[in-house]
Amino acid sequence: MTQRMNYYEIAPDAMKIMMEMEKYTKKSSIERKLRELIKIRASQINGCAYCINMHTADAKKMGETEQRLYCISAWRECTFYSDAEKVALELTEHITLIPKKRVPDELYERVRKHFDEKAYVDLVILINQINSWNRISIAMGNVAE
C-alpha cells in the first residue's frame, strides 16, 4: 500500500483503538455482506478509493454478486436489494452526510422496522467506523493498488 507515513508505527495506541472498534463491528449483529455493502457505500460517498477497492474485494470473497456491487450507488432503483438493506444504505448516506441530511425520526422508524435497538446501535457504530477509516485513509494518502 502506498501511503504518506506509517501511521500504525507513529500512533500505535490510536490505531489499536481503531482495530478494537473494527473487532466489535465484526462481532456485531449486522450480517457480513450487509456490513460490506455499508462500507462500500460510505466509501463511495467519501471518495475513498482505497476502501472501495478493499471492501468490494472482501464482499466478492464472501459471495456478493458483481451486479449488487456495481449497482450499490444506485440502490434505490434496484429490486435486488432487500428492504432491510435499502434502509441500512439510506441510513449510511444520512450519517455519512450528516451535516446535510441528519437522521430524521421518519428514517429512524423505518430502520427500526427491520433492526432492533442493538442492531440500530451496531449500524450507527459501523457507519461511523467506516467513515473514520475513510478519513484516515484519505488523509494518510492511501492509494488503491
Side-chain angles (χ1 to χ4, degrees), residues 1-78 80-82 84-105 107-108 110-112 114-145:
M1 161 177 54
T2 304
Q3 61 189 43
R4 293 180 174 142
M5 64 184 77
N6 188 335
Y7 48 94
Y8 281 84
E9 284 183 9
I10 295 168
D13 292 341
M15 297 316 298
K16 182 178 178 186
I17 292 167
M18 288 295 292
M19 294 309 292
E20 287 298 316
M21 284 297 294
E22 196 63 26
K23 287 179 190 175
Y24 176 83
T25 65
K26 287 180 179 175
K27 292 185 216 172
S28 76
S29 61
I30 309 306
E31 191 265 335
R32 288 175 52 200
K33 286 183 183 178
L34 179 54
R35 288 196 314 258
E36 293 307 315
L37 293 176
I38 288 168
K39 291 176 182 182
I40 294 164
R41 186 64 191 123
S43 299
Q44 288 174 333
I45 294 166
N46 289 323
C48 184
Y50 179 81
C51 291
I52 294 168
N53 185 55
M54 176 193 314
H55 295 296
T56 54
D58 289 348
K60 283 177 76 173
K61 288 177 192 170
M62 292 175 190
E64 189 56 83
T65 67
E66 289 187 14
Q67 179 188 40
R68 285 167 47 93
L69 293 174
Y70 295 153
C71 292
I72 196 160
S73 64
W75 59 266
R76 284 176 178 82
E77 290 83 35
C78 300
F80 42 82
Y81 298 105
S82 71
E85 289 170 330
K86 285 183 175 186
V87 77
L89 291 168
E90 185 175 356
L91 182 64
T92 300
E93 292 177 355
H94 278 256
I95 292 174
T96 301
L97 299 168
I98 208 158
K100 294 178 185 176
K101 291 195 170 230
R102 317 293 294 166
V103 179
D105 290 340
L107 174 56
Y108 170 77
R110 284 190 293 118
V111 173
R112 287 300 313 281
H114 299 278
F115 300 93
D116 64 17
E117 283 183 343
K118 173 73 165 73
Y120 181 81
V121 172
D122 286 347
L123 282 168
V124 171
I125 297 297
L126 173 66
I127 296 163
N128 278 281
Q129 180 71 0
I130 189 56
N131 275 286
S132 292
W133 280 124
N134 290 164
R135 283 153 177 76
I136 289 168
S137 184
I138 292 167
M140 296 301 176
N142 294 352
V143 176
E145 296 178 343

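The first residue in the sequence is number 1, and the count goes up from there. None of these values were measured; they are calculated from a predicted model. All heavy atoms count here, side chains included; hydrogens, waters and symmetry mates do not.
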For the [atom1] atom of [X] and the [atom2] atom of [Y], what is their distance to the nearest 0.5 Å?
X: L89; Y: I40; atom1: CG; atom2: CD1; answer: 9.5 Å
X: K101; Y: T96; atom1: NZ; atom2: OG1; answer: 10.0 Å
X: E145; Y: N53; atom1: CD; atom2: CG; answer: 9.0 Å
X: K26; Y: R32; atom1: NZ; atom2: CZ; answer: 10.0 Å

Verdict with supporting geometry, W75 and E93, side-chain contact (heavy atoms from CB on, under 4.5 Å): CA-CA 11 Å; W75 59 266; E93 292 177 355; 2.8 Å; yes
Would you say CG of D105 has more than 12 non-hydrogen atoms from neighbouring residues, nucleotides or ligands within 6.0 angstrom?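 No, the 6.0 Å shell around CG holds no more than 12 heavy atoms from other groups.
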Can you confirm whether R102 is buried at CZ, in the sense that more than 12 heavy atoms of other residues, nucleotides or ligands lie under 6.0 Å from that atom?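 No, not enclosed.
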Is a side-chain N or O of [X] found less than 3.5 angstrom from the main chain of [Y], in a donor-acceptor match?
X: N128; Y: V124; value: yes
X: S43; Y: K39; value: yes
X: D122; Y: S29; value: yes
X: R68; Y: C71; value: no
X: S28; Y: T25; value: yes
X: Y81; Y: I72; value: yes

How close do [X] and [Y] get, heavy atom to heavy atom, and via which atoms?
X: I138; Y: N46; value: CD1-O, 3.4 Å
X: R4; Y: A139; value: NH1-O, 2.6 Å
X: Y24; Y: K118; value: OH-NZ, 2.8 Å
X: A119; Y: I30; value: O-CD1, 3.6 Å
X: G63; Y: K33; value: O-NZ, 3.6 Å
X: S132; Y: M18; value: CB-CE, 3.7 Å

Restricting to salt bridge (charged side-chain N to carboxylate O under 4.0 Å, His left out), what partner residues turn up for E66, sequence neighbours left out?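 Applying salt bridge (charged side-chain N to carboxylate O under 4.0 Å, His left out) to E66 gives K60.
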In chain order, what residues pass the side chain to side chain contact (heavy atoms under 4.5 Å, CB included) check against A14, with sequence neighbours excluded?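 Partners of A14 by the side chain to side chain contact (heavy atoms under 4.5 Å, CB included) criterion, ordered by chain and then number, come out as A11.
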Holding to side chain to side chain contact (heavy atoms under 4.5 Å, CB included), I want the full list of residues that pass it with P104, two or more places apart in sequence or in another chain.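 For P104 the side chain to side chain contact (heavy atoms under 4.5 Å, CB included) partners, ignoring immediate neighbours, are H94, L107.
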Mind running salt bridge (Lys or Arg N to Asp or Glu O under 4.0 Å) on E20 and K23 for me, showing each step along the way? CA-CA 5 Å; E20 287 298 316; K23 287 179 190 175; 3.2 Å; yes
Evaluate the ring planes of Y108 and Y120, with Trp represented by its six-membered ring, and classify them as parallel (under 30°), tilted (30 to 60°) or perpendicular (over 60°).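 Because their plane-to-plane angle is over 60°, the rings of Y108 and Y120 count as perpendicular.
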